[in-house]
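Structure, as structure tokens:
Quantities reported herein were computed from a predicted structural model and do not represent experimental measurements.
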Amino acid sequence: MPKTRRVLGIDPGLANTGWGIIDWNGSKFTLVKYGVIETAASEIHGTRLLHIYNHLNAVIQEYKPSEAAMETLYFAKNQTSAMSVAEARGVVTLCLAQNCVPLGEYKPNQIKQAVTGSGAADKELVERYVQLLLGLATPPKPDHAADALAGAITHINTSGLFSLASDFLSS
């Protein structure tokens with residue numbers, strides 16, 4: 001019987017950092033929990049980053065993921081927004097490293113492709129596929145949490161393919 005993998009997906013952002021945890025037993029996804037870490041624009045910038053770190057650290061301590069997935073930073077037109085996302089990504093990466101949780105990183109189109117079969121899928125289609133794959137009654141909301149769950153699914157699908165290929169080649 002294969003060991004259950006617990007994967008933490010993260011959709012980083014300064015105002016909203018989505019997270020979602022999925023178990024994979026080799027044939028089935030099971031939703032464990034998801035949520036969003038919110039920070040207020042009125043807070044001091046460093047305090048916002050510290051809040052993300054502390055909340056994510058509490059999630060890791062409670063749910064004990066064995067691995068994590070996060071979307072890579074893409075270049076947006078709004079450089080200020082891109083910088084804030086980059087800082088949040090840095091805090092998330094540090095938190096994962098301090099907790100010895102290995103991180104897989106995926107481009108947005110890789111996530112869309114792995115979850116829906118199309119790298120051009122829109123947010124609604126990704127949310128619908130996440131709903132179907134996890135057997136949920138409704139799509140997960142807010143969209144930051146759905147994106148985090150999509151990242152976790154991508155990690156399982158992508159790393160699972162590599163595991164299957166290496167198992168096949170070694171036999």
Side-chain angles (χ1 to χ4, degrees), residues 1-39 45-74 82-115 126-127 129-131 133-136 140-167:
M1 175 175 245
K3 180 182 180 237
T4 298
R5 294 169 60 191
R6 177 160 285 181
V7 179
L8 168 63
I10 302 162
D11 179 38
L14 184 60
N16 298 286
T17 294
W19 61 272
I21 299 176
I22 296 173
D23 283 348
W24 171 251
N25 71 3
S27 63
K28 182 181 178 211
F29 295 109
T30 304
L31 174 65
V32 176
K33 188 80 173 180
Y34 66 88
V36 174
I37 304 165
E38 297 178 344
T39 67
H45 187 75
T47 302
R48 294 174 81 181
L49 294 171
L50 182 60
H51 179 74
I52 293 167
Y53 176 88
N54 287 337
H55 191 104
L56 184 60
N57 194 52
V59 167
I60 292 169
Q61 295 307 309
E62 182 173 353
Y63 296 103
K64 311 244 184 286
S66 57
E67 48 203 298
M70 183 166 52
E71 188 175 286
T72 58
L73 183 61
Y74 59 93
M83 289 297 294
S84 295
V85 172
E87 290 176 333
R89 278 181 46 81
V91 166
V92 167
T93 303
L94 172 66
C95 187
L96 293 168
Q98 286 184 325
N99 284 282
C100 301
V101 179
L103 174 63
E105 298 182 78
Y106 305 92
K107 295 177 185 171
N109 63 334
Q110 284 179 292
I111 293 173
K112 292 173 184 178
Q113 178 71 39
V115 173
V126 172
E127 288 175 9
Y129 269 83
V130 168
Q131 174 191 355
L133 290 167
L134 297 177
L136 305 175
K141 295 287 182 189
D143 61 349
H144 299 290
D147 290 346
L149 291 167
I153 291 168
T154 298
H155 183 75
I156 291 166
N157 285 342
T158 304
S159 59
L161 291 174
F162 293 129
S163 296
L164 290 173
S166 64
D167 290 348

Contact summary for [X] and [Y], nearest pair of heavy atoms:
| X | Y | result |
| --- | --- | --- |
| Ala152 | Gly20 | CB-O, 4.4 Å |
| Arg5 | Ile156 | NH1-O, 3.9 Å |
| Arg48 | Thr39 | NE-OG1, 2.8 Å |
| Ala150 | Val126 | CB-CG1, 3.8 Å |
| Gly151 | Ala69 | O-CB, 3.3 Å |

Taking side-chain hydrogen bond (donor to acceptor under 3.5 Å, both in side chains) as the definition, give me every residue that meets it alongside [X], ordered by chain and number, with sequence neighbours left out.
| X | answer |
| --- | --- |
| Tyr106 | His155 |
| Lys141 | Glu127 |
| Glu87 | His45 |
| Asn16 | none |

Not counting sequence neighbours, which residues clear ring pair (Phe, Tyr, Trp, His ring centres under 6.0 Å) with Tyr53? List them please.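 Ring pair (Phe, Tyr, Trp, His ring centres under 6.0 Å) check on Tyr53 returns nothing, list empty.
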With Phe29, which residues qualify under ring pair (Phe, Tyr, Trp, His ring centres under 6.0 Å), at least two apart?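 Phe29 satisfies ring pair (Phe, Tyr, Trp, His ring centres under 6.0 Å) with Trp24 once adjacent residues are dropped.
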Salt bridge (Lys or Arg N to Asp or Glu O under 4.0 Å) partners of Asp11, counting only residues at least two apart: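 Partners of Asp11 under the salt bridge (Lys or Arg N to Asp or Glu O under 4.0 Å) test: none.
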Using salt bridge (Lys or Arg N to Asp or Glu O under 4.0 Å) as the criterion, list what pairs up with Asp23, not counting sequence neighbours.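 Here the qualifying residues are Arg6.
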Pairwise side-chain contact, [X] with [Y], heavy-atom cut-off 4.5 Å (strictly under):
| X | Y | answer |
| --- | --- | --- |
| Asn54 | Cys95 | no |
| Leu14 | Leu49 | yes |
| Thr30 | Thr4 | no |

Can you tell me how far the [atom1] atom of [X] sits from the [atom2] atom of [Y], to the nearest 0.5 Å?
| X | Y | atom1 | atom2 | result |
| --- | --- | --- | --- | --- |
| Ile111 | Met70 | CD1 | CE | 10.5 Å |
| Glu38 | His144 | CD | NE2 | 8.5 Å |
| Leu103 | Thr93 | CG | OG1 | 5.5 Å |

Assess the residue pair Leu96 and Ile10 against the criterion (side-chain contact (heavy atoms from CB on, under 4.5 Å)); give the C-alpha distance rounded to whole Å, side-chain angles, the decisive distance to 0.1 Å, and a yes or no. CA-CA 11 Å; Leu96 293 168; Ile10 302 162; 3.9 Å; yes
Any salt bridge (Lys or Arg N to Asp or Glu O under 4.0 Å) involving residues 93-102? Give me the pairs, sequence neighbours left out, ordered by first then second residue.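 Sorted result for residues 93-102: empty, none.
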Sequence-distant partners of Ala145, side chain to side chain contact (heavy atoms under 4.5 Å, CB included), two or more places apart: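 Scan of Ala145 (side chain to side chain contact (heavy atoms under 4.5 Å, CB included), adjacent residues dropped) gives Tyr34, Val36, Pro142.
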Apply side chain to side chain contact (heavy atoms under 4.5 Å, CB included) to Leu136 and list each qualifying residue two or more places apart in sequence or on a separate chain.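 With neighbours one apart ignored, the set is Leu31, Gln131, Leu134, Pro140.
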Sub-3.5 Å donor-acceptor pair from the side chain of Arg89 to the main-chain atoms of Glu71, do we have one?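 Between the backbone of Glu71 and the side chain of Arg89 there is a qualifying donor-acceptor contact (under 3.5 Å).
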Expected list for residues 56-63: side-chain donor-acceptor pairs under 3.5 angstrom, two or more places apart:
{"unit_1": "Asn57", "atom_1": "OD1", "unit_2": "Asn99", "atom_2": "ND2", "d": "2.8"}
{"unit_1": "Gln61", "atom_1": "NE2", "unit_2": "Asn99", "atom_2": "OD1", "d": "2.6"}

Count the heavy atoms of every other residue, nucleotide or ligand shown that sit under 6.0 Å from NZ of Lys28, and state whether that count exceeds 12.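 Atom NZ in Lys28 is not packed in, count stays at 12 or less.
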